[in-house]
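The structure appears right after this line, and notes come after that.
Computed from a prediction, not measured in an experiment: that's the story for all the values here.
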There are 2 protein chains.
Amino acid sequence: MSEKAYQSDVTELKKILRSHSIQPSHHRLQVLSYLKNHRVHPTADMIYQHISAKIHTLSKTTVYNTLKIFSEKGIVRELNIDEHELRYDINVEPHAHFKCVKCGKLFDVFDKTLLPDREMVDGHIVSKIDVYLQGTCKECAGKE
Amino acid sequence: MSEKAYQSDVTELKKILRSHSIQPSHHRLQVLSYLKNHRVHPTADMIYQHISAKIHTLSKTTVYNTLKIFSEKGIVRELNIDEHELRYDINVEPHAHFKCVKCGKLFDVFDKTLLPDREMVDGHIVSKIDVYLQGTCKECAGKE
DNA sequence: TAATAATATTGTAATGATTATAATATTTAT
DNA sequence: ATAAATATTATAATCATTACAATATTATTA
């Protein structure tokens, strides 16, 4: 995403943050912009690496703080599909995820038949559902 | 589980390990026995704490090694439902899991309508499906 | 059985992601 | 403009897991 494109979005991004009761600081806008424009379900470190190339004083703690706030306020969803890394998804609409064990890419899966729509199971109150699929992605399967 | 009960099961436990091409060492039998008799989806540390009370020379690395082998050979399933802890389930039959955000307990959920039975999504080959539910368990909800 | 090879276990140190903390900088409200 | 609130930083701590090399145990073979 070009700097120009980012600039043109700033007003919109600020609106998003404000509507979630988050003060739109420069860093938070950068993180939000990155998430909006790189739909790869990045890790905190990926976000940090990308933004700190532009903002050399950026602290990784700020990225973590920002992502924690985003998560608490419902702007992002944490994806715990892999033991070794926490990933962030800017799309908080219910959907499943597929991780390729070969290339490591994480895909959105919008097929609704995968997602149970339940408020109750075995008498327990359900507030969150994660459906994580793993296997070999289309592309990697084609290479074999 | 009493020591007697454990003793009486040893032959059976050995059979399980051998049938999965795992040498039935004393430590491995202990870990397997613990998993069989404590269906709480324990962490590696919980297993270590319990067994090391009896076997004072036990190394935590051994517990990790053992769980890795069990996992590779398909005796246990790793549960990644919570960012901060990896849990182990001795029941490898397909089923969902529910974690209570209040008490932290992890429940098996055998309701089959929760589990999609798919070999393919969006052209990707599916080899593993995890369905993780979170919310307030029956018991904790009752207390409120 | 004794010698040898293979495997299992141990203890310690390393890794690496995340969090805690306290100081500083910035922003907002008065 | 000043004070209060909030955001950011740098550093250190945490903690689960893994790497590694040495030792112990078990299985195999002569």
Side-chain angles (χ1 to χ4, degrees), chain A residues 10 13-14 17-18 20-34 41-73 75-88 99 104 106, chain B residues 10 13-14 17-18 20-34 41-73 75-88 99 104 106:
Chain A
V10 165
L13 296 175
K14 280 186 181 172
L17 292 182
R18 289 220 178 82
H20 287 83
S21 316
I22 301 171
Q23 286 190 33
S25 74
H26 184 54
H27 291 168
R28 287 167 180 171
L29 287 167
Q30 289 287 334
V31 173
L32 181 59
S33 171
Y34 179 82
H41 312 87
T43 62
D45 190 65
M46 285 166 70
I47 298 168
Y48 170 75
Q49 294 301 335
H50 188 269
I51 302 178
S52 68
K54 291 191 283 181
I55 307 176
H56 301 281
T57 55
L58 179 70
S59 164
K60 196 179 273 188
T61 303
T62 298
V63 176
Y64 276 106
N65 290 343
T66 300
L67 290 170
K68 172 165 272 186
I69 290 179
F70 283 9
S71 176
E72 285 167 0
K73 302 290 189 181
I75 285 189
V76 298
R77 175 171 191 145
E78 298 182 341
L79 300 181
N80 204 29
I81 193 170
D82 187 301
E83 178 194 348
H84 298 288
E85 53 185 17
L86 191 55
R87 288 167 168 258
Y88 296 88
K99 174 159 186 173
L106 194 46
Chain B
V10 165
L13 297 176
K14 281 186 181 173
L17 292 182
R18 290 218 178 84
H20 288 83
S21 316
I22 301 169
Q23 285 191 33
S25 74
H26 183 54
H27 291 168
R28 287 167 180 172
L29 287 167
Q30 289 286 334
V31 173
L32 182 58
S33 171
Y34 179 82
H41 311 89
T43 62
D45 190 65
M46 286 167 70
I47 298 168
Y48 170 75
Q49 294 302 336
H50 189 267
I51 302 179
S52 67
K54 290 190 285 181
I55 307 175
H56 301 281
T57 56
L58 179 70
S59 164
K60 195 179 275 189
T61 302
T62 298
V63 175
Y64 276 106
N65 289 343
T66 300
L67 290 170
K68 171 162 273 187
I69 290 178
F70 283 9
S71 176
E72 285 168 359
K73 302 289 189 182
I75 284 189
V76 298
R77 175 171 191 145
E78 298 182 342
L79 300 180
N80 205 28
I81 194 171
D82 186 302
E83 178 194 349
H84 298 289
E85 55 185 17
L86 191 55
R87 288 168 168 257
Y88 296 88
K99 175 158 186 172
L106 193 47

Can B:V63 and B:I51 be said to form a side chain to side chain contact (heavy atoms under 4.5 Å, CB included), step by step?
-> CA-CA 9 Å; B:V63 175; B:I51 302 179; 5.6 Å; no
Per-residue pairing states of DNA chain D in dot-bracket (Watson-Crick or G-U under 3.5 Å; . unpaired, | other strand) read ||||||||||||||||||||||||||||||
Report task. Not counting sequence neighbours, list each pair that qualifies as a salt bridge (Lys or Arg N to Asp or Glu O under 4.0 Å) and has a residue in residues 58-73 of chain B. Result ->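 Found B:D45-B:K60.
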With a 4.0 Å cut-off (strictly under) to non-hydrogen atoms of chain A, the first and last hit nts on DNA chain D, 5' to 3', are D:dT6 to D:dT18
The residue among A:M46, A:R77, A:H41, A:E78 that forms side-chain contact (heavy atoms from CB on, under 4.5 Å) with A:Y88 is A:E78
Applying salt bridge (Lys or Arg N to Asp or Glu O under 4.0 Å) to B:R28 and not counting sequence neighbours gives none
B/S/- along nucleotides 8-19 of chain C (protein heavy atoms under 4.0 Å) is SSBBB----SBB
Worksheet item: Does A:L29 offer a backbone N or O that forms a donor-acceptor pair with the side chain of A:S33 under 3.5 Å?
Response: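 Such a contact is absent between A:S33 side chain and A:L29 backbone.
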Given 3.5 Å as the limit, does a donor-acceptor pair link the side chain of B:S71 with the main chain of B:L67, or not?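 No: the side chain of B:S71 does not pair with the backbone of B:L67.
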Report task. State the CG-CD distance between B:L106 and B:E85, to the nearest 0.5 angstrom. Result ->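 Reported to 0.5 Å precision, the distance equals 8.0 Å.
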Under 4.5 Å between any side-chain heavy atoms of B:N80 and B:L86, yes or no?
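Of all side-chain heavy-atom pairs linking B:L86 with B:N80, at least one is under 4.5 Å.
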message: Is there a side chain to side chain contact (heavy atoms under 4.5 Å, CB included) between A:F70 and A:L17? Walk through the geometry before answering.
response: CA-CA 9 Å; A:F70 283 9; A:L17 292 182; 3.6 Å; yes
For B:H50, the side-chain contact (heavy atoms from CB on, under 4.5 Å) test, sequence neighbours excluded, returns B:Y34, B:H38
